[in-house]
Undergrad: 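Just dropping this structure here.
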Amino acid sequence: MSKSAGFMRALKCRECGREYPLEATHVCEFDFGPLEVAYDYGKIKKSMTKAALAKRPQTMWRFRELLPVAGEPTVGTRVGYTPLVKADRLAKWLGVREAWVKNDAVNYPTLSFKDRVVSVALSRAKELGFETVACASTGNLANSVAANAASAGLDAFVFIPADLEEGKILNSLVYGARVVGIRGHYDEVNRLCAEIAGKYGWAFVNVNMRPYYAEGSKSMAYEIAEQLNWKLPQHTVVPMASGSLLTKIHKGYQELIQLGLAKDSKPTVHGAQATGCSPISAAYKQGMDFFKPVKPDTIAKSLAIGTPADGFYALKVMKETGGASDDVNDDEIREAMSALAECEGIFTETAGGVTVGTAKKLVASGKIPAEDSVVLCVTGNGLKTLDAVQGHVGKPAGIKPSLREFEELMEKDGKVKSK
Ligand SMILES: *Cc1c(COP(=O)(O)O)cnc(C)c1O
Ligand SMILES: [Zn+2]
């Protein structure tokens, strides 16, 4: 490989292992298998020691040897290193001994885990000489591509289903991106984008740039491990849309084991879905290796992918690690969003409700034993999906600016009148 490849070796087909140059390409010409970045782990091991890491800034780029850029990152240099919160009150609600929340709802700059994948994809796109970037998105990706492209001076096209939450749409428009709302569901948006990507010479972060883009998700695993003092969690619950994040968290843990940075404690990875779009969890429950595509109908729009590109590999990871999958309906999603908010003061979007609600089910069914410890990946911010809680969290009490009216209110609430 060229000497400008940094710690990357090649793109490699996940099916047949054939290798390809490190360009903007994503499928194997022989069997249409997905391409993945292969690294020179010998070289990484010498460079990414714990002593070296201790001196680096607290962003996801402290693990830059394991991220697919040739030189220093140029886009999203502050992304990541979000808090890992010990969630004792939520653990009680879940019925488990110990719970942690990896809180990507406060990721920089657009409040979702997508800032990780986008900073990698756009840094690599610039290295490959692109000036226009694009994506097919269920919302958060659009926000992150729009924002990060703006600050990098790149032109951005974002393609979304037209019926997305208002917050997600405004959060793309405000950065000046060209936003195209398509009257169809995500899988139709994605199909159109594959055609556009072939015709226009743009860097589509989750089409022709997908091998690089997807690797950004691994940073969540590295951070969790380091924040747990280099112990891998017993259980990790991950929300699944395409299934990519789940497979990459697993890959991240396995790389740390391979590099000798963490002990192989056999971490189990579980997948969470919304019942209204649950092709992967349905396949898991039926004991199948392949999923059946579905038409999404759920409030968890960020996870509404009916034909998940990495569904097959996500099922494989769960099988290999002893993980399980389950799903929650719209009411259970809202209930879990409230539980996380009321127990830990964290307001997540619907996808976080899917993760927390599914975790509760996995504890109840014994798939996560009550005496174990679990990390929950909370991937997005509740301020972007206000529509989902509107009318479900009550209303403020309205009174005149009068002490008498306040005291009447206290009485109505059954609170003792103060002296
Ligand atoms: C995109 C997204 C995910 C996971 O997506 P994958 O396609 O499975 O990698 C999870 N949560 C939120 C909030 C997202 O926007
Ligand atoms: Zn192949």
Side-chain angles (χ1 to χ4, degrees), residues 10-20 25-36 102-107 110-118 121 135-145 160 164-165 167-168 171 186-187 190 205-206 210-211 213-218 220-221 237-251 269 271-274 277-281 291 298-315 317 325 333 337 348-356 358 376-385 388:
L11 293 180
K12 189 173 173 184
C13 174
R14 289 186 71 157
E15 291 304 322
C16 70
R18 272 193 182 83
E19 296 198 347
Y20 293 83
T25 171
H26 68 299
V27 279
C28 176
E29 288 162 16
F30 293 87
D31 51 19
F32 303 105
L35 303 184
E36 185 173 42
K102 178 60 172 166
N103 188 9
D104 264 21
V106 292
N107 208 351
T110 65
L111 309 177
S112 90
F113 110 88
K114 290 297 196 303
D115 290 326
R116 300 177 182 277
V117 282
V118 168
C135 68
S137 172
T138 56
N140 284 314
L141 182 59
N143 298 171
S144 189
V145 165
I160 53 173
L164 275 195
E165 300 96 339
K168 295 264 171 78
N171 265 295
Y186 174 82
D187 300 285
N190 198 38
V205 302
N206 54 345
R210 192 171 176 87
Y213 155 92
E215 289 286 287
S217 292
K218 297 187 306 182
M220 207 161 173
V237 182
V238 186
M240 299 186 292
S242 73
S244 175
L245 175 61
L246 182 137
T247 64
K248 295 297 180 175
I249 283 185
H250 173 65
K251 183 178 178 187
V269 183
Q273 291 210 292
C277 183
S278 51
I280 307 176
S281 78
F291 66 85
T298 167
I299 57 166
K301 295 186 179 178
S302 58
L303 302 180
I305 298 185
T307 309
D310 289 287
F312 169 74
Y313 298 104
L315 285 163
V317 164
S325 186
I333 292 170
M337 288 167 73
T348 182
E349 69 153 82
T350 46
V354 168
T355 302
V356 172
T358 298
L376 309 179
C377 294
V378 166
T379 48
N381 194 301
L383 293 172
K384 291 199 208 176
T385 60

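This structure is a prediction, so every number in the text was calculated from the model and none was measured. Counting starts at 1 for both ligands and their atoms, in listed order.
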Undergrad: Main chain of Thr110, side chain of Lys384: is a donor-acceptor contact present, judged purely on distance under 3.5 Å?
TA: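 Yes, Lys384 side chain to Thr110 backbone: donor-acceptor pair under 3.5 Å.
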
Undergrad: So for ligand 1, is Gly243 a polar contact partner (N or O within less than 3.5 Å, distance only)?
TA: yes

Undergrad: Find all atoms of ligand 1 within a distance of less than 4.0 Å from any non-hydrogen atom belonging to Glu349, and give their numbers and elements.
TA: 13 (C)

Undergrad: Only heavy atoms of Ala351, strictly under 4.0 Å: list the atoms of ligand 1 that pass.
TA: 11 (N), 13 (C)

Undergrad: Which pair of heavy atoms, one from Leu246 and one from Met240, lies closest together, and at what distance?
TA: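 That closest heavy-atom pairing would be CD1-SD, 3.9 Å.
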
Undergrad: Please identify which atoms of ligand 1 are closer than 4.0 Å to at least one heavy atom of Asn140.
TA: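 Answer for ligand 1: 13 (C), 14 (C), 15 (O).
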
Undergrad: Which one holds for Lys248 and ligand 1: side chain close, backbone close, both close, or neither close, with close meaning a heavy atom under 4.0 Å?
TA: neither

Undergrad: With atoms numbered from 1 as shown, which atoms in ligand 1 lie under 4.0 angstrom from a non-hydrogen atom of Leu303?
TA: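 Reading through ligand 1 atom by atom, the close ones are 3 (C), 10 (C), 11 (N).
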
Undergrad: Give the residue, atom name and distance (to 0.1 Å) of the protein heavy atom nearest atom 9 (O) of ligand 1.
TA: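 Nearest protein contact, heavy atoms only, for atom 9 (O) of ligand 1 is Leu245 N, 2.9 Å.
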
Undergrad: Charged N to carboxylate O under 4.0 angstrom, Glu215 versus Lys251?
TA: yes

Undergrad: May I ask you to list the atoms of ligand 1 that are less than 4.0 angstrom from any heavy atom of Ser302?
TA: 13 (C), 15 (O)

Undergrad: Is the closest N or O pair between Met240 and ligand 1 shorter than 3.5 Å?
TA: no

Undergrad: At the 4.0 Å heavy-atom cut-off, does Pro239 count as touching ligand 1?
TA: yes

Undergrad: Is the distance from the Zn ion (ligand 2) to the nearest N/O/S atom of Asp31 under 2.8 Å?
TA: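 Coordinating: yes.
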
Undergrad: Check each atom of ligand 1 against the heavy atoms of Ser244 and keep those under 4.0 Å away; list them by number with element.
TA: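 Ligand 1 atoms under the 4.0 Å threshold to Ser244: 6 (P), 8 (O), 9 (O).
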
